[in-house]
Amino acid sequence: MTLTVEDELRRRIAELEEDVADLRRERKELRDILCARVPAPKETSDEEYMEMMRNHVPGSGLKFLQSLGIDPLTREP
């Protein structure tokens, strides 16, 4: 039984479609693995913000920068 060129092309197209379906499944599995490893960012609650504001010392950011030798108040380049 001889296959015509058209039959051979159909067979090859079917093989390639199977390969594409396999690659899509693999890509989805890998994407799911990668996305599962990235944790969702923790959202700060209102109570936590209130606690931060209660403990905040005005000017503490400036003191920290000055301890590093950076003085944003001076305009020298």
### Query
Just how far is it from atom CD of E29 to atom CG of D32, taken to the nearest 0.5 Å?
8.0 Å

### Task
Output, in order, the C-alpha distance, side-chain angles, deciding distance and verdict of side chain to side chain contact (heavy atoms under 4.5 Å, CB included) for L23 and E26.
CA-CA 5 Å; L23 290 172; E26 288 177 22; 4.3 Å; yes

### Query
Can you name the side chain to side chain contact (heavy atoms under 4.5 Å, CB included) partners of S67, sequence neighbours left out?
F64

### Query
Partners of R54 by side chain to side chain contact (heavy atoms under 4.5 Å, CB included), sequence neighbours excluded?
M50, E51

### Message
Going by the rule salt bridge (charged side-chain N to carboxylate O under 4.0 Å, His left out), which residues pair with D46 if we only count those two or more places apart in sequence or in a different chain?
### Response
none

### Message
I need the E17 CD to E15 CD distance, nearest 0.5 Å.
### Response
11.0 Å

### Task
Please name the pair of heavy atoms, one in E48 and one in K42, separated by the smallest distance, quoted to 0.1 Å.
OE2-NZ, 3.0 Å

### Message
Within the supplied structure, the quantity of interest is the number of heavy atoms (other residues, nucleotides, ligands) at a distance under 6.0 Å from K28 NZ; does it exceed 12?
### Response
no

### Query
In the hydrophobic cluster built from side-chain contacts under 4.5 Å, what are the other members alongside L9?
V5

### Query
Taking only residues two or more places apart in sequence or in another chain, which ones pass salt bridge (charged side-chain N to carboxylate O under 4.0 Å, His left out) with R25?
D22

### pair D7-R11: side-chain heavy atoms closer than 4.5 Å
no

#### Entry: Non-neighbouring partners of L16 that pass side chain to side chain contact (heavy atoms under 4.5 Å, CB included), sequence neighbours left out
R12, D19

